[in-house]
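Bear in mind that the values here come from a model prediction, so they are computed numbers and not experimental data.
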Amino acid sequence: MLVPSLMDGLLLGFVYGIAAMGLSLIWGVMDVINLAHGPIIALGMFGIYLGFTGLGLNPYLMLILVIGGGLLLGVLIYWVAVHRVINAPHLSTLLATFAVNMIIIGIATAIFTTSPRNVDFNLGGFPVGPITLPWTRILAALASVLVTALLYLFLYQTRPGKAIRAVSDNRAAAELMGIPTSWILALAFGLGTMLAAISGGLISTFFPFTILAGSSYELKSFVICVLGGLGNPLGALIGGLLLGALEGIIPAFMETSWVPVLEFVLFVLILLVRPQGLLGSKT
Amino acid sequence: MALLEVQGISSSYGEVQILWDASLELERGRLTALVGSNGAGKTTLLRTVMGLLKASQGSIRFDGRDVTHVSPHGKAAEGIVLVPEGRQLFPSMSVYENLEMGAFTKRARGNFQANLGRVYDMLPRLKERAGQRAGTLSGGEQQMLAVGRGLMAQPEILMFDELSLGLAPFLVLNLFEVLQRLKEEGLTMLLVEQNVQMALAVSEYGYVLAEGRVELEGPSRELARNEHVREAYLGI
């Protein structure tokens, strides 16, 4: 009973990691907490849903479109809602992203209503000893590892990626060195949004959802950011795995409804004892 | 015609006006000094020239063109480069990556290898520390990296804000030797310093800034002999 549940949780944890990476990237680079994170995750879900039920596209093929759409949407959100308040106090950026959150939920509710949808897609299972793991979850975990590796390559090996790190370290100095920092921030926001959309897209292949479904993943992303520390993709992935493992283990001992309670107890405890994050560095 | 002409600029932090109608010119190939005591507005002037702070009045011309409203990254792309006060490195990135970021602009990118060789030659410590995170360098090494990063940008004009601040005397000498070499190569530079004696000793022309206004200007040798300068800044 415990082993399959733990395996399920761990595989899901990879996807949580991707969602948290999106939140953490934006938070770490521009000190903006993106309250539209949840609805963007849900938009990723609906992207796959529309491609699958509307056009009959394979979800993994559709994911490529979701990736492109997520990136563009993020760049757009940055220029429309975030850029003008980027140097304002935190409350302004919180309100700006919260407004985006409300707009997305409002429009999507009008179009899709809030009745649950699901992507009726099944690839069968993969037997590992006595347990069987659904392929959709295995592929989601593999895709998450791939995305993390690509994000690392981008941030550490390419010019725009390094520019994102430079802007994150010292925005004024980056500007003085000729880096167009506003565009770099827009790019970082786009990447963060893209990661959220990817995680939503992957989750849609195994759970039903509504446009409001993103909010619980948004909250999980906050917990993971605290577990893994900010601005570190690997930290987010490990944090995601920890949370996934917890979700796998807890139901073996108590009611499933205790899961969020314990998650947030953990969240508060870490903030009290180690505010830089379990895996984060002091700086 | 001077390479950079700053004409009557004023600027403020919020309601507080710091800079009042300040003008200065950087002649091509000359090392110019801008001196003044702490709080005279030297850093504000540099920030305004770069466009980090908006000029409420006046104009900035570079090579005859008006660049008053060009963004800081646009100015860097033109070759106007500032080595800011307090190093302002990218602490989580390696020394090599900091130099790479210095060469971000299109004009600098093509000459990356040649410029890197030159910087390593002038500041050999940077080569030894290439893989180390910039945040873990000593203060002197950080200042060297800030200078090296500025040179990687292939500047037409290189401006230094408080190059010597907080450094041990032998390190200051070391960096001033680098300035000397750059001067011989014909680079146009502006040295902004609290260390008035040192700045007037290495520069050819100088400006004295006091309470946000240009108080005096002239050949550095003459400024160093000026009664008022000697009394107010050199303590003689």
query: What is the minimum heavy-atom distance between A/P180 and B/F104, and which atoms define it?
result: CD-CE2, 3.7 Å
statement: In this structure, CE of A/M177 is separated from CZ of B/F90 (nearest 0.5 Å) by 6.5 Å
- line: Comparing B/A76, B/P72, B/A103, B/S71 against chain A, the one with the most heavy-atom pairs below 4.5 Å turns out to be B/P72
message: Quick one, A/S182 and B/H73 - any side-chain contact, counting heavy atoms below 4.5 Å?
response: no
- request: Heavy-atom pairs under 4.5 Å with chain A are the metric here; pick the option from B/P84, B/S92, B/G150 that has the most.
  value: B/S92
- prompt: Measuring from A/L176:CG to B/R47:CZ, what's the distance to the nearest 0.5 Å?
  reply: 8.0 Å
query: Quick one: of B/R87, B/M50, B/E97, B/R107, who has the most non-hydrogen atom pairs under 4.5 Å with chain A?
result: B/E97
field: B/K127 atom NZ: more than 12 heavy-atom contacts under 6.0 Å
entry: no
- line: B/E100 and A/K162 have their tightest heavy-atom pair at OE1-NZ, 2.5 Å
message: Taking atom CZ as the centre, does A/R84 end up with more than 12 heavy-atom neighbours from other residues, nucleotides or ligands that are less than 6.0 angstrom away?
response: no
query: Could you give the distance from CD (A/E175) to CG (B/L82), rounded to the nearest 0.5 Å?
result: 12.0 Å
task: Give a yes or no on this: more than 12 heavy atoms of other residues, nucleotides or ligands lie within 6.0 Å of atom CZ of A/F222.
output: yes
query: Counting heavy-atom pairs under 4.5 Å to chain A, which of B/K106, B/R109, B/M152 comes out on top?
result: B/R109
